[in-house]
Amino acid sequence: MTQPLNVIVAGGGIGGLAAAYVLARAGHQVAVLEQAHAFGEIGAGIQLGPNIFKMFEYLGLAEAVNRVAFFPKGLGMNDVRTGERVIRVPLGDTALAAYGYPYGVIYRVDMHDVFLDACKALPNVTLRTSAKVESFEQDAAGVRVQLAGGESLQGDALIGADGLWSRVREAVVGDGKPRVSGHIAYRAVLKREEVPAHLWSDDVLLWGGEKTHLVHYPLRRGELFNLVAVFHSSKYDEGWNTFGDTAELNERFAQALQQVKELLGKIETWKMWVLCDREPVKNWTDRRVTLLGDAAHPMLQYLAQGAGQAIEDAVVLGEALRYTQGNVEDAFQKYQQVRYLRTGRVQLTARFYGDIYHAAGVQRELRNQLFQGGQEAAGFAGLKWMYEGIDPKNLFH
Ligand SMILES: Cc1cc2nc3c(=O)[nH]c(=O)nc-3n(C[C@H](O)[C@H](O)[C@H](O)COP(=O)(O)OP(=O)(O)OC[C@H]3O[C@@H](n4cnc5c(N)ncnc54)[C@H](O)[C@@H]3O)c2cc1C
């Protein structure tokens, strides 16, 4: 490396911390500015495809992740009304053989902690809470970031990892508010002992119905059980982390099998998310300022890739800075050039998968027919481009 840079990261979610870790590991000085009073994540699960485990290995974090992850046996979809199996793709050794890396699931808090601990172990990362980025300005010499409260910080570069409602994006891309999809997610986590044996599954299991689905899987080595119920609703405009309305949920799942209703009934309080995304863009960089994760390419959760794509972003950003020997503007251009099409493809494909999960009428019958009868390998193969991931050593020539 030539000169270590002073990099400011707005946002201390999974994406921001991943970027901080990658850049600090390469010798740069990194300041993470998080608006919340503490670093943390909400209690819910995330799925991690083989492409993300590839990144963990590259980052030297595989062992830390493996200690807290759960490795499901399969990825399945059942019809929520009839219980009929639509598809089941075996994971475990099959995923390993196909991609060289496993498919896992993890408690978000645990995932966030892996990156937080990794950052804390590096002396050149400064982690600041109650530090809300309000605005920034830049010139040929650097970037000046203004915090709420009046303080300002000077750096060589700014990475906006400030999520779906990104302030930094507003200034760089300026494409208004995120697109409200009309889909709502209710999330809850149960302890293992709260789930009756006949309702437990070691698979990531999705129950698809008309404009609804429920997905569940174990977390934290099997000590917890994650549930996400998704349905179409025009009731809410936007929101994040508020409480759900159990009556509305029950109404949406009125057609579901008794077994599914029984599982839903185990939850007293649901946390609610209004699901949003954006149209993909080709440019999310302005000279010394770029975006990463949801700030750059927010996506619906139907492919379970948002956090994973943020981690891939961080790796590519690190490689771009290395390749350009710390030339920030050049590196940021190269980074987005490598990332925009892949992340755009995930954004658009995720919408399509939402339609498949929530199919009704003839579409539903057709889906069930297409997936059945030995098409299981094809179900997974359709996402080969995504699960194969990126090759960090061969990004730039
Ligand atoms: C229902 C649901 C299920 C999902 N399932 C999966 C899954 O299975 N697999 C997967 O990979 N992904 C999944 N995702 C997507 C994943 O949660 C996101 O893509 C990921 O959290 C994005 O990380 P991020 O760091 O970019 O943004 P965020 O996690 O939103 O973090 C942004 C951070 O920036 C901070 N911030 C915001 N504004 C400012 C500011 N002005 N100044 C300072 N700090 C600021 C915020 O407080 C926050 O800490 C799911 C999402 C949802 C909603």
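Everything numeric here is computed off the predicted structure, so don't read it as measured data. Numbering of ligands and ligand atoms starts at 1, following listing order. What's counted below: heavy atoms across the whole structure, side chains too, no hydrogens, waters or symmetry copies.
- Taking all heavy atoms of Ala19, Gly15, Ser130 into account, the minimum distance to atom 24 (P) of ligand 1 is reached by Gly15.
- Relative ring orientation between His358 and His183 is described as tilted, the plane-to-plane angle lying within the 30° to 60° band.
- Taking the ring centre of Trp385 as origin, the terminal cationic atom of Arg345 falls inside the region bounded by 6.0 Å and 45° from the ring axis.
- Ala131 counts as a contact of ligand 1, since one of its heavy atoms falls under 4.0 Å from the ligand.
- Within the set Met111, Gln35, Lys271, His112, the minimum heavy-atom distance to atom 39 (C) of ligand 1 is found for Gln35.
- Taking the six-membered ring where tryptophan is involved, the planes of His213 and Tyr357 are perpendicular, since the angle between them exceeds 60° and thus also 30°.
- Under a cutoff of 6.0 Å and an axis angle of 45°, Arg192 and Trp200 form a cation-pi pair.
- Counting heavy atoms under 4.0 Å from ligand 1, residue Gln47 touches it through both backbone and side chain.
- Of all the heavy atoms of Ile52, none lies under 4.0 Å from any atom of ligand 1, so neither backbone nor side chain is involved.
- Note on ring orientation: taking the six-membered ring where Trp is involved, the planes of Phe71 and Phe53 are tilted (angle from 30° to 60°).
- In this view, Glu262 and His198 satisfy the side chain to side chain donor-acceptor pair (under 3.5 Å) rule, not counting sequence neighbours.
- Only the side chain of Arg108 comes within 4.0 Å of ligand 1, judged by heavy-atom distances.
- Note on ligand 1: Ala36 sits outside its first shell, no heavy atom being nearer than 4.0 Å.
- If you look at Ser166 next to ligand 1, there are no close heavy atoms at all, none under 4.0 Å.
- Ranked by closest heavy atom to atom 42 (N) of ligand 1, the top entry among Asn51, Asp313, Val133 is Val133.
- In this structure, Glu134 falls outside the shell of residues with a heavy atom less than 4.0 angstrom from ligand 1.
- With sequence neighbours left out, the side chain to side chain donor-acceptor pair (under 3.5 Å) criterion links Asp203 to Arg88.
- Counting heavy atoms only, Gly163 comes closest to atom 30 (O) of ligand 1 of the residues Ala44, Gly163, Cys276.
- Polar contact check, Tyr217 against ligand 1: no nitrogen or oxygen pair lies under 3.5 Å apart.
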